[in-house]
Amino acid sequence: MNDYQIEINLSSAKKQKPAFDSLEFGKNFTDHMFIMDYTQGRGWHDPRIIPYQPLKLDPSAMVFHYGQSVFEGLKAYLTKDQEVLMFRPYMNMERLNKSNTRLCIPAIDEELAVQALKKLISVDREWVPNVPGTSLYIRPFIISTEPYLGVASSKQFQFIIIMSPVGAYYKEGINPVKIAVQNEYVRAVKGGTGNAKTGGNYASSLKAQEVAEETGYSQVLWLDGKENKYVEEVGSMNIFFKINGEIVTPELNGSILEGVTRNSVIELIKHWNIPLSERRVSIDEIYEAHKRGELEEAFGTGTAAVISPIGEFFWNGEKLCINNGETGQVSKKLYDTLTGIQRGEIDDHFGWIVKVDEETPVISAI
Ligand SMILES: *Cc1c(COP(=O)(O)O)cnc(C)c1O
């Protein structure tokens with residue numbers, strides 16, 4: 001067991017910061033990044049914070065050819081008391097390792113990764129935006145870097161964390177979205193990589209997203225890849241319905257990504273004693289429930305929007321309007337509670353918040 005420290009090499013010049021009241025998602029990056037290398041035989045080594053900069057990779061680096069990569073997404077928030085909070089970062093790092101297992105990428109030390117996050121955010125603390133509704137979006141990712149064209153798992157990797165100040169998702173308050181149900185393309189099948197957060201899932205989803213946008217819908221509702229019948233996810237969010245007083249969400253079936261927000265919503269629903277079931281739910285059932293007047297709410301959950309109410313579905317030529325296209329009560333309460341906890345305005349009874357400034361224990365490598 002050897003102790004290792006995160007080395008810090010500060011940037012000599014600070015970048016000009018964008019205006020925090022008109023931030024676009026994922027366009028501006030902070031002054032520094034975290035990086036760590038993996039070499040077969042040595043394991044993960046040299047964790048360090050360096051000035052934000054382009055990577056130098058061999059054109060034959062395996063990630064360019066076979067897509068062996070995984071990523072995460074989480075946020076840090078500035079409170080009224082100028083503290084910086086992260087929301088459930090350990091769960092993200094645990095999920096990163098689950099994705100790693102599926103993609104044949106060596107596991108990272110989850111504790112080291114969270115400490116790296118804390119250090120990186122501290123170094124770039126001025127980049128945590130202070131305008132209401134804004135946050136610092138954090139993107140940890142791992143890529144295969146070995147220069148080799150053989151189809152096999154890479155023997156070299158890089159784990160990198162970059163950060164981007166982002167604006168309020170809803171500029172004029174929480175607003176329902178319109179969703180097109182996808183019948184032609186599928187996102188994932190059981191046995192595939194649907195339950196891993198990997199770039200390939202996104203590459204294959206772009207076509208359907210484009211088609212949806214051309215017809216005036218903002219996102220795609222994915223059905224299962226086998227029968228084209230059961231609801232899986234919406235865009236890059238998990239999905240929930242409220243049917244006749246009960247909250248229903250598709251069960252984790254191997255092709256659905258387990259969202260941190262999904263997990264948090266389930267905890268809150270249970271805490272509030274609202275009936276909940278995680279089960280298979282077909283798109284027919286949703287349309288039937290609507291016909292009976294029992295489909296009360298639908299919403300997506302994900303780090304970017306937190307809760308995204310759904311006002312309309314379009315499937316097989318049939319439009320379905322939910323709750324008059326307005327945000328439902330449970331959706332609103334979930335949104336207010338989750339964002340309140342994330343910003344330190346509501347007490348965190350669940351142990352979800354990790355403060356960036358907390359004392360960090362000495363890290364030791366496996
Ligand atoms: C990241 C992601 C989600 C949402 O996960 P959160 O942890 O809640 O942000 C849902 N579906 C897919 C496909 C995703 O990639």
Side-chain angles (χ1 to χ4, degrees), residues 10-11 13-34 49-55 71-89 92 116-141 160-177 197 199 202 206 209 213 218-219 234-237 259-261 264 299-309 327 334-336 338-346 353-357:
L10 291 179
S11 169
K14 284 185 178 174
K15 288 192 256 188
Q16 169 109 38
K17 290 189 186 57
F20 284 163
D21 54 5
S22 56
L23 292 166
E24 277 182 75
F25 181 82
K27 289 239 164 152
N28 305 285
F29 298 94
T30 68
D31 286 320
H32 297 87
M33 61 201 257
F34 170 84
I49 288 169
I50 60 172
Y52 188 93
Q53 60 192 268
L55 301 172
F71 70 96
E72 271 303 322
L74 69 161
K75 282 177 172 177
Y77 307 83
L78 191 69
T79 69
K80 289 200 179 88
D81 306 327
Q82 307 301 307
E83 265 190 314
V84 182
L85 309 180
M86 290 188 283
F87 187 69
R88 311 191 73 179
N92 287 95
L117 271 179
K118 287 186 183 176
K119 275 226 164 102
L120 182 61
I121 297 169
S122 302
V123 166
D124 280 341
R125 197 186 170 93
E126 291 166 13
W127 286 85
V128 187
N130 54 4
V131 172
T134 60
S135 56
L136 185 69
Y137 184 78
I138 302 161
R139 169 54 57 87
F141 63 106
I160 300 165
I161 306 174
I162 55 174
M163 307 194 296
S164 169
V166 296
Y169 195 86
Y170 300 105
K171 293 199 174 61
E172 290 132 25
I174 175 170
N175 236 329
V177 291
K197 219 168 166 74
Y202 280 78
L206 299 175
Q209 177 68 25
E213 278 169 19
S218 64
Q219 298 225 24
V234 51
S236 52
M237 292 186 286
V260 175
T261 321
S264 310
F299 55 93
T301 67
T303 296
V306 186
I307 302 292
S308 186
T327 301
L334 282 165
Y335 179 79
D336 290 343
L338 279 170
T339 54
I341 293 173
Q342 288 166 342
R343 294 177 187 284
E345 283 153 21
I346 294 179
I353 294 299
V354 174
K355 291 181 186 174
V356 163
D357 299 319

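Applying the side-chain hydrogen bond (donor to acceptor under 3.5 Å, both in side chains) rule to D124 yields the partners T30, H32; only residues at least two apart in sequence or on another chain are considered. Take Q53 and apply the side-chain contact (heavy atoms from CB on, under 4.5 Å) test, not counting sequence neighbours, and it matches M33, I50, P51. Listed by chain and residue number, nothing satisfies the side-chain hydrogen bond (donor to acceptor under 3.5 Å, both in side chains) test with S11 (two or more places apart in sequence, or in another chain). By the ring pair (Phe, Tyr, Trp, His ring centres under 6.0 Å) test, Y169 is found to be paired with no residue, residues two or more places apart in sequence or in another chain being considered. Remark: S218 pairs with V177 by the side-chain contact (heavy atoms from CB on, under 4.5 Å) rule, at least two apart or across chains. Applying the salt bridge (Lys or Arg N to Asp or Glu O under 4.0 Å) rule to K14 yields the partners E126; only residues at least two apart in sequence or on another chain are considered. With sequence neighbours excluded, the residues forming a side-chain contact (heavy atoms from CB on, under 4.5 Å) with D336 are K332, listed by chain and number. Evaluation of the side-chain hydrogen bond (donor to acceptor under 3.5 Å, both in side chains) rule for R343 yields no partner, not counting sequence neighbours. Remark: F87 engages W352 in a ring pair (Phe, Tyr, Trp, His ring centres under 6.0 Å) (not counting sequence neighbours). The side-chain hydrogen bond (donor to acceptor under 3.5 Å, both in side chains) test applied to Q219 returns no partner, not counting sequence neighbours. Listed by chain and residue number, D21, S22 satisfy the side-chain contact (heavy atoms from CB on, under 4.5 Å) test with A19 (two or more places apart in sequence, or in another chain).
Cation-pi geometry between K119 and F34 is not met at under 6.0 angstrom from the ring centre and within 45 degrees of the axis.
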List the steps, then state whether side chain to side chain contact (heavy atoms under 4.5 Å, CB included) holds for V128 with V356. CA-CA 12 Å; V128 187; V356 163; over 6 Å; no

Between F71 and Y202, is the side chain to side chain contact (heavy atoms under 4.5 Å, CB included) condition met? List the steps. CA-CA 11 Å; F71 70 96; Y202 280 78; 3.6 Å; yes

Step-by-step side chain to side chain contact (heavy atoms under 4.5 Å, CB included) determination, K27 to V166: CA-CA 8 Å; K27 289 239 164 152; V166 296; over 6 Å; no

Derivation of the side chain to side chain contact (heavy atoms under 4.5 Å, CB included) call for M237 and S308: CA-CA 9 Å; M237 292 186 286; S308 186; 3.6 Å; yes

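Inter-residue side-chain proximity for F299 and I307 is flagged as met; some heavy-atom pair is nearer than 4.5 Å. For the pair P309 and N175, the minimum side-chain heavy-atom distance is 4.5 Å or more. Between I138 and I161 the shortest side-chain heavy-atom distance falls below 4.5 Å. In this structure, the side chains of S264 and L334 stay at 4.5 Å or more apart for every pair of heavy atoms. E83 places a side-chain heavy atom less than 4.5 Å from the side chain of K355. Residues L23 and N28 meet the side-chain proximity criterion, which asks for heavy atoms closer than 4.5 Å. Annotation: side chain of M163 is not in contact with side chain of Y52 (no heavy-atom distance under 4.5 Å). Residues I353 and R88 have side chains not in contact (no heavy-atom distance under 4.5 Å, counting atoms from C-beta outward).
S135 OG to N130 CG: the interatomic distance, rounded to the nearest 0.5 Å, is 12.5 Å. R125 contributes atom CZ, which lies 11.5 Å from atom CG of L136 (distance to the nearest 0.5 angstrom). The line from CG of N92 to CG of L74 is 4.5 Å long, rounded to the nearest 0.5 Å. Atom CD of Q342 and atom OG1 of T303 lie 8.0 Å apart (nearest 0.5 Å). Interatomic distance, L78 CG to I121 CD1, rounded to the nearest 0.5 Å: 11.5 Å. Rounded to the nearest 0.5 angstrom, I346 CD1 and I341 CD1 are separated by 6.0 Å.
A13 and D31 make their closest contact through O-OD1, 4.5 Å (heavy atoms, listed as atom of the first residue, atom of the second, distance). Of all non-hydrogen atoms in W127 and P18, the two that sit nearest each other are CZ3-CD, 3.6 Å.
Among residues at least two apart or in separate chains, there is no salt bridge (Lys or Arg N to Asp or Glu O under 4.0 Å) pair with a member in residues 130-140.
Listed for the T134 side chain is a donor-acceptor partner under 3.5 Å among the backbone atoms of V131.
Using a cutoff of 4.0 Å between basic side-chain nitrogens and carboxylate oxygens, K197 and E72 are not scored as salt-bridged.
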